[in-house]
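Just so we're clear, the structure is a prediction, and the values are computed from it rather than from any experiment.
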Amino acid sequence: ETGAVVGKFPTFGLKSVLLAGVVALSSTSAQACIKTAELKADQMRFLELQLKVAALRCRFENPQFASLYNRFVVAHKGAIKASRWPVEAYLARQTRMDMDTYVTKTANRISFESMDAGYFCENAAAVADMAASYADPLMVIDLLPVRYQTPRPVCADRTAPTTATVATPDRTGAIDR
């Protein structure tokens, strides 16, 4: 009978609590991921920031690096600009960070890790040259001297009729950008 007491909990209350818990868990897991568009935008921002850090850090070792960086920016200005909004959407949904803080934290991480990356300037210059030449600059994401780390697992695509899951890189970021 509805409202009967089992122990100290009414039966309808226990069912409601269990159902609410299942709903909360499913909505939490959906929010604890990065959407594919946000991932691509985050990768673009990371690539651009790494090349910017390299242009500053490597300017004495390679005086031509600034022109490599500028060539990349000119070639992909639209994609760089378009990447801002998906990253801001991700930050608003997953963190309490604004874009300025995200850029600062990401650039600081790249700068710090670049000190341990062997041949950082040489490798960054090669990547900048390739990224400026390719129609899709993200083709070089795995060649960066400081590795890109996916900040969260990639959200499953709920619109696709397939049961296959979205593949995610195994390197997830320890730093919550």
Discussion item. Side chain to side chain contact (heavy atoms under 4.5 Å, CB included) for F46 and R109? Distances and angles first, verdict last.
Written reply: CA-CA 10 Å; F46 187 84; R109 179 189 148 227; 3.2 Å; yes

Discussion item. Restricting to non-hydrogen atoms, name the atom on A55 and the atom on F65 that form the minimum distance, rounded to 0.1 Å.
Written reply: CA-CD2, 3.3 Å

Worksheet item: Roughly how far apart are D100 CG and D98 CG, rounded to 0.5 Å?
Response: 5.0 Å

Discussion item. Membership question, hydrophobic clusters at under 4.5 Å side-chain separation (ILVMFWY): are M97 and F112 in the same one?
Written reply: no

Discussion item. Rounded to the nearest 0.5 Å, what separates atom CD in E88 from atom CD in E38?
Written reply: 11.5 Å

Worksheet item: Rounded to the nearest 0.5 Å, what separation is found between the CD1 atom of I80 and the CE atom of M44?
Response: 6.0 Å

Fill in: Donor-acceptor side-chain pairing of N108 and S111 below 3.5 angstrom
no

Worksheet, complete the sentence: Tightest non-hydrogen contact, residues G118 and N123, listed as O-ND2, 3.4 Å

Worksheet item: Going from CZ on R147 to CD1 on I110, what distance comes out if it is rounded to the nearest 0.5 angstrom?
Response: 14.0 Å

Discussion item. For a quick test of reading the model, state the closest non-hydrogen atom pair linking A131 to L47 and the distance between them.
Written reply: CB-CD2, 4.4 Å

Worksheet item: Between D129 and Y134, do the side chains contain an N or O donor and an N or O acceptor separated by less than 3.5 Å?
Response: no

Discussion item. Quick check: closest heavy atoms across A37 and P86, and the distance to 0.1 Å?
Written reply: O-CB, 3.9 Å

Practice prompt. Starting at OH of Y69, measure out to NZ of K52 and round the result to the nearest 0.5 Å.
Written response: 4.0 Å

Fill in: Non-hydrogen side-chain atoms of E48 and H76 separated by less than 4.5 Å
no

Worksheet entry | W85 reachable from V87 in the ILVMFWY side-chain graph, under 4.5 Å edges | no

Worksheet entry | Verdict with reasoning, R93 to K35, per side chain to side chain contact (heavy atoms under 4.5 Å, CB included) | CA-CA 11 Å; R93 198 177 79 255; K35 297 175 183 176; 3.9 Å; yes

Worksheet item: Is M139 reachable from L51 through a run of hydrophobic residues whose side-chain heavy atoms are each under 4.5 Å from the next?
Response: yes

Response to the item:
On a heavy-atom basis, the closest approach of L68 and A128 is CB-CB, 4.1 Å

Worksheet item: So if you build clusters from Ile, Leu, Val, Met, Phe, Trp, Tyr with side-chain heavy-atom gaps below 4.5 Å, do L56 and L144 land together?
Response: no

Item to complete: Evaluate the criterion side chain to side chain contact (heavy atoms under 4.5 Å, CB included) for residue pair K40 and L138; output intermediate values, then yes/no.
Response: CA-CA 8 Å; K40 296 291 182 196; L138 294 181; 3.9 Å; yes

Discussion item. Quick one, R71 with S133, criterion side-chain hydrogen bond (donor to acceptor under 3.5 Å, both in side chains). Give me CA distance, side-chain angles, the key distance, then yes/no.
Written reply: CA-CA 9 Å; R71 200 171 115 229; S133 302; 3.0 Å; yes

Practice prompt. Using atom types as modelled and distance alone, determine if a side-chain donor or acceptor of T95 lies under 3.5 Å from a backbone N or O of L91.
Written response: yes

Item to complete: Working to the nearest 0.5 Å, report the span between CD of E113 and CD of Q149.
Response: 6.0 Å

Worksheet entry | Nearest non-hydrogen partners of I34 and P151, listed with the distance | CD1-CG, 3.8 Å

Discussion item. Assess the residue pair Q50 and F120 against the criterion (side chain to side chain contact (heavy atoms under 4.5 Å, CB included)); give the C-alpha distance rounded to whole Å, side-chain angles, the decisive distance to 0.1 Å, and a yes or no.
Written reply: CA-CA 10 Å; Q50 185 156 165; F120 175 78; 3.7 Å; yes

Worksheet item: For Y148 and D142, does a side-chain donor sit closer than 3.5 Å to a side-chain acceptor?
Response: no

